[in-house]
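By convention in this document, chain letters (A, B, ...) are assigned in the order of the sequence lines, proteins followed by strands, and residues within each chain are numbered from 1.
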Amino acid sequence: MTPIGPATIPRFARGMRLREDQARSRWVVVGPERLFVPDEIALEILRLMDGTRSVDAIVDDLASRFDAPREAIANDVLALLRDLATKGVVTS
Amino acid sequence: MTPQPPPPLGLLAELTHRCPLRCPYCSNPVELSRASAELDAATWGRVFREAAALGVLQLHLSGGEPAARRDLPEIVAHAAEAGLYSNLITSGVLLDAERLSALAAAGLDHVQLSVQDAEAQSADRIGGMQGGHARKLRFAEHVHAAGLPLTLNAVVHRQNLDRLPELIELALTLGAGRLEVAHVQYYGWALRNRDALLPSRAQLDAATEAVIQARAAHQGRLVIDYVVPDYHAKRPKACMGGWGRSFIAVSPAGRALPCHAAESLPGFDFPNVRDRSLADIWLHSEAFQRYRGTDWMPEPCRSCDRREQDWGGCRCQAFALTGDAANTDPACAHSPHHHLLDLAVQEAAVAGTDFIYREIKRPAVAEG
Ligand code: SF4
Ligand code: SF4
């Protein structure tokens with residue numbers, strides 16, 4: 001597997017779905033026997049992951065909306081997506 | 001007043017007890033339900049909607065073999081309409097490409113295929129079905145063709161644990177994203193076959209090592225779920241995440257259970273989804289309340305600082321080994337019954353390999 005980089009177009013691995021968990025007022029990623037609860041920032045990132053945007057494009061979008069240096073955002077996004085890739089949630 | 005329990009996360013729908021296989025460790029109760037007692041698809045649909053409203057996110061469609069039901073596509077469609085994440089737990093021997101694509105079209109999210117071994121002859125002997133393994137391999141191809149994600153589930157024990165590396169290979173070959181290595185749990189049918197199934201410590205250590213290596217080698221490609229089995233553990237597992245805390249099972253005949261094995265516990269009147277709503281059962285039934293939380297606990301659990309982590313372990317195992325479901329799970333080293341597990345391991349080490357296969361009891365004529 002190639003590691004996730006700025007040009008990668010990340011998407012959810014097969015069988016992983018982001019959905020609202022109304023009973024608990026939160027969003028979750030559901031898969032078989034697994035459940036991930038993203039924090040606010042992770043949720044912003046996952047919502048932008050639509051199978052067409054590259055990592056770079058996701059970072060651009062976040063940088064235009066949040067008051068943080070682009071480089072710091074890029075590091076956070078890459079770290080999160082790489083972590084989720086090793087857990088089988090995200091693929092490229 | 002007892003505090004409101006958290007909403008349940010998972011629902012296990014046991015659609016039928018019928019199955020062409022006869023695994024000697026099957027988790028179905030020893031008293032199997034007949035087809036005529038099964039809930040119909042519309043009732044399952046109502047149960048799914050009630051479950052979703054209650055907070056359930058994941059639905060496991062299981063059995064027996066769920067595909068033994070002709071109306072499975074309809075049941076899957078109900079699950080999708082209710083917004084549940086649906087996982088089909090199947091032996092794979094009854095579904096051809098056409099039936100599987102009908103399930104995919106109905107909105108199925110995921111398939112979990114069980115195999116009995118990595119080697120066909122042994123797999124067919126364990127499952128008690130000639131040609132079963134070959135059918136499973138074909139089924140895995142259909143899963144791919146249908147574009148569905150696949151988990152391979154391998155139930156392991158003394159007679160196949162040495163082939164765990166081959167089982168991991170098989171998961172990779174079949175393109176599974178996840179491999180669940182599940183040690184047999186000893187109640188029901190498995191308890192009857194314990195002497196033929198319990199692995200040795202040495203086998204277990206080799207298997208654990210194989211898992212560690214494979215996890216590193218296949219990171220990002222294959223997720224391996226694996227837990228050390230109770231008979232070689234010092235602490236029990238939080239069975240079902242704690243009684244009545246996150247999980248509901250519903251039997252083919254509609255009985256709601258805090259754990260799929262709980263039906264064999266005596267002294268319970270398990271509520272039926274035909275008579276009561278799932279919310280009422282979850283919040284108010286005596287059966288779900290009985291071992292919920294920590295108030296019911298005896299010592300040593302009562303004063304133990306792990307009581308809200310493992311919730312005292314498994315009630316069914318406590319009953320199977322000590323005769324009282326309210327005892328501390330003997331898998332815990334603090335249990336006064338813990339030595340029973342070592343004893344069982346020693347006995348199994350010198351026992352044979354013959355199985356008592358699972359079967360649906362025929363109506364019997366009493367012998368004179
Ligand atoms: S464990 Fe075996 S016998 Fe039991 S339902 Fe599964 S495949 Fe059928
Ligand atoms: S004593 Fe009870 S709560 Fe403590 S570890 Fe053992 S089973 Fe768990």
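For B/L150, no part lies under 4.5 angstrom from a heavy atom of chain A. Heavy-atom distances place both the backbone and the side chain of B/L9 under 4.5 Å from chain A. For chain B, no part of A/V89 is nearby; none of its heavy atoms comes within less than 4.5 Å.
In this structure the side chain of B/V223 never reaches within 4.5 angstrom of the side chain of A/K87, judged on heavy atoms. With a 4.5 Å cut-off on side-chain heavy atoms, A/R17 and B/L57 do not count as touching. Two residues are said to be in side-chain contact when any heavy atoms from C-beta on lie closer than 4.5 Å; B/R178 and A/P32 meet this criterion.
The local environment of CD in B/Q309 is crowded, with over 12 non-hydrogen atoms from other residues, nucleotides or ligands closer than 6.0 Å. A/I41 CD1: 12 or fewer foreign heavy atoms inside a 6.0 Å radius.
Between chain A and the residues B/N87, B/T151, B/V56, B/L148, the largest count of heavy-atom pairs under 4.5 Å involves B/L148.
Here the side chain of B/Q58 pairs no donor or acceptor atom with the backbone of A/V30 at under 3.5 angstrom.
Taking all atoms of both residues into account, the shortest heavy-atom contact from A/A23 to B/G55 is CB-CA, 3.5 Å. Scanning both residues, A/R14 and B/P149, for their nearest heavy atoms gives O-CB, 3.6 Å.
Rounding to the nearest 0.5 Å places OH of B/Y85 at 10.0 Å from CZ of A/R34.
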